[in-house]
Amino acid sequence: MKNVPFYNLKVTGGFWAERQKTVAEKTVWAVYDRFKETGRIETMDCKPHAVKPHIFWGSDVVKWMEGAAYILEQGEDARLRAAVDEIIKMIEVATTEDGYYNSYFNSPDHEGKRFTDRDKHELYSLGHMIEAAVALSHLGDDRLLKVCEKNVALVDRIFRQEDSAGFTTPGHEEIELALVRLWKATGEEKYLELAEFFVRKRGTSPKDVPVYRKDDGSGIQSHRPMMEQTTAEGHAVRATYLYSAVADLALALKDEELKELAEALFEDIYERKMYITGGIGSGHQGERFTVPYHLPNRNAYAETCAALGLAIFARRMYQMEPDGRYGDAAERALYNGMISGLSLEGDSFFYTNPLEMDLSYEKIPMGYSPNMERQKVFGCSCCPPNLTRVVPSIGDFVYTYDEKYLYVHQYIATEGSVDGGEVRMETAYPADGRVKIFCTGKKLALRKPAWCTEMVTDAAYTEKKGYLYFETEAVEIEFVMKPVFYTASDAVHEDAGRVALMRGPIVYCIESKDQPKRVFQCRVDADAPVKETGETYGGFPVLEAAGALAVAQKALYIPYKAAEKEPCTLRFIPYYTFANRGADDMQVWILKK
Ligand code: FUB
Ligand code: ZN
């Protein structure tokens, strides 16, 4: 199967068109301005400055550049082009004779220390620079690509040929998937070989001691040889970047063992370690996967980058083989646990994406509390520029194709070209479940959304592994969308006795400001019908459900029979919009009445 790159498609309307507009007009500049204010941009020149670069500040900046390049694909913007140009020039000048660039190690304080410390994110930062370079080269600007190719030649010599670095594989993965992109962009086999080297060597080298988390190495996916790592472990962003590279290599090398490994890793996440929002990495210590079914709501870490990581891993899986679970995981993450990281206004962010907020938690001395309010920038600001990369390139998630079929994995209004033919999808999904698709020269294979229990179409189809196969070039279908309460597996102890509301792929939540009392007093009647109010928020209907309020009692403890409840109506908004009207208590999983 081949991918249809977003370059061939235009997003013509709906949720993502609106988010793309916000990111292009607002977010990209909000992130740039914060990076300028904090010194991230100026330290790209590696000269002495009052402010000292953090180990991966450079990665923040090149991720921003990658997003800027995607925005420039949509149309020229002289100011954006100039901002990108300035950074490229700084990198060119600061690159050493032997091809090395890193804003931390090329700065005067850290000279001579390169490639000695596995946890200093050098190869991670280079990976992101490669991704930015590939994006810029598509615009016809190869300057950064040249820098990267020299840099990669150095890495290849030091790591693969001489084995002379202080470690064998990176502490934070990213270069692996970036090298696959570089191979695709240049056709140079050596980049694919280096990607394979880093993946296969993982967990095998005595030099790769688990210094980082002082654990068994699982925190950075180094506890055993890669081919024996069949469960998702450790830091969730690192893990999903690595697993994405495993899937990339499986596809590029047509390697069955790598494919089986990627499948096992995906299954472990999908069946046991993923929030209903597509958030992953529940543990805040180590930003990591913990144990199966440990999905706490209030303490959920669920980093924005990790949901994005799941989405890009799942996308690679469906590029390999159509299986509805992959598209479902990507859809959950994109519409919920990832995009919740971006405010409706587009200029503030969440790093963690809990499924419950209790404002009083901020006051607990020495306790863990997530950010209750969206932030303009973080000390560790990886998430905002990741959003500026993924939203403009969202078209990458929509289609793949083979000789016979166009596979439709995500329902996003788009028009463009596929394999010499024309493709067009008209839909307001997921505000509305009606979809019209047409592609010249291809039959259509449509993912049946996991949430869908009722479809309406006149066309005949056969169903296999979550896809509907039509023998026609045009299809009209409705995935009937209505609010549904979900329950979690018994194994998820935190959700016992609770339900969560979804409408199509959109997870809903309640905030105290919309309820008669704080959300912790709210109980919901999961058997009563849910009403669409006629209002919308964040592009989706505001929903109402019948419930009951536990009447506040003064005494700390009273007999259960004496506790009073009064009927009420609960008002639900899309989860991804939480805390857009200021910090508030919030719940996704609500106690049943
Ligand atoms: O370490 C670089 C980035 O910062 C990671 O990907 C995020 O999880 C955050 O730790
Ligand atoms: Zn992040």
Side-chain angles (χ1 to χ4, degrees), residues 27 30-31 34-35 38 40 53-64 66-67 102-105 117-129 131-132 167 169-178 211-213 215 218-222 232-245 273 277-290 300-313 333-334 337-343 348-354 368 370-371 374-391:
T27 316
V31 175
R34 302 296 87 73
F35 284 1
T38 50
R40 281 173 170 81
H54 176 267
I55 51 166
F56 56 85
W57 268 12
S59 71
D60 292 344
V61 175
V62 293
K63 278 160 74 180
W64 175 85
E66 185 188 341
N102 181 286
S103 68
Y104 179 84
F105 283 100
D117 184 341
R118 192 178 183 217
D119 195 38
K120 286 286 194 288
H121 288 52
E122 284 163 285
L123 299 178
Y124 163 83
S125 297
L126 175 57
H128 278 305
M129 190 159 77
E131 289 207 80
F167 54 96
T169 65
H172 194 313
E173 302 89 327
E174 157 64 23
I175 194 164
E176 303 84 349
L177 73 86
V211 281
Y212 181 42
R213 302 286 177 201
D215 62 1
S218 62
I220 51 174
Q221 299 81 38
S222 301
E233 305 295 340
H235 187 279
V237 181
R238 298 174 202 234
T240 47
Y241 288 6
L242 171 65
Y243 306 159
S244 295
K273 296 175 180 166
T277 56
I280 54 167
S282 55
H284 67 92
Q285 267 169 353
E287 310 181 303
R288 62 177 294 166
F289 291 110
T290 56
Y301 197 75
E303 184 182 338
T304 301
C305 290
L308 180 150
L310 174 60
I312 64 166
F313 173 39
L334 292 172
M338 181 198 84
I339 205 65
S340 52
L342 178 63
S343 68
S348 58
F349 307 90
F350 271 135
Y351 185 111
T352 51
N353 298 275
Y368 166 73
N371 279 317
R374 293 168 182 276
Q375 307 288 305
K376 300 283 178 197
V377 67
F378 305 91
C380 170
S381 217
C382 45
C383 305
N386 246 351
L387 288 162
T388 65
R389 300 194 300 150
V390 75
V391 174

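Order of appearance sets the numbers: ligands from 1, and atoms from 1 within every ligand.
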Ignoring hydrogens and angles, state whether a donor on the side chain of [X] or [Y] is under 3.5 Å from an acceptor on the partner side chain.
X	Y	value
Glu174	Tyr241	no
Thr388	Thr27	no
Ser222	Arg118	yes
Asn371	Thr352	no
Arg288	Ser218	yes

>> Under 2.8 Å from the Zn ion (ligand 2), is there any N, O or S atom belonging to Cys380?
In response: no
By number and element, which atoms of ligand 1 are closer than 4.0 Å to a non-hydrogen atom of [X]?
X	answer
His235	5 (C), 6 (O), 7 (C), 8 (O), 10 (O)
His121	1 (O), 2 (C)
Val237	6 (O), 8 (O)
Tyr124	2 (C), 3 (C)

Could you check if a side-chain atom of [X] sits within less than 4.5 angstrom of a side-chain atom of [Y], using non-hydrogen atoms only?
X	Y	answer
Tyr104	Ser125	no
Phe349	Pro384	yes
Leu310	Met338	no

> Between the candidates Glu303, Glu174, His172, which shows the shortest non-hydrogen contact distance to atom 6 (O) of ligand 1?
Replying inline: His172
>> Within rounding of 10°, what is the angle whose vertex is the Zn ion (ligand 2) and whose arms end at SG of Cys382 and SG of Cys305?
In response: 110°
> Is there any N or O on Glu287 that sits under 3.5 Å from an N or O of ligand 1?
Replying inline: yes
> Is the shortest distance from a heavy atom of Cys380 to ligand 1 less than 4.0 Å?
Replying inline: yes
> Can Tyr301 be said to touch ligand 1, with heavy atoms closer than 4.0 Å?
Replying inline: no
>> If you consider just the N/O/S atoms, which atom of Glu303 is the closest one to the Zn ion (ligand 2)?
In response: OE2
>> Is the contact between Tyr241 and ligand 1 made by the side chain, the backbone, both, or neither, using heavy atoms and a 4.0 Å cut-off?
In response: neither
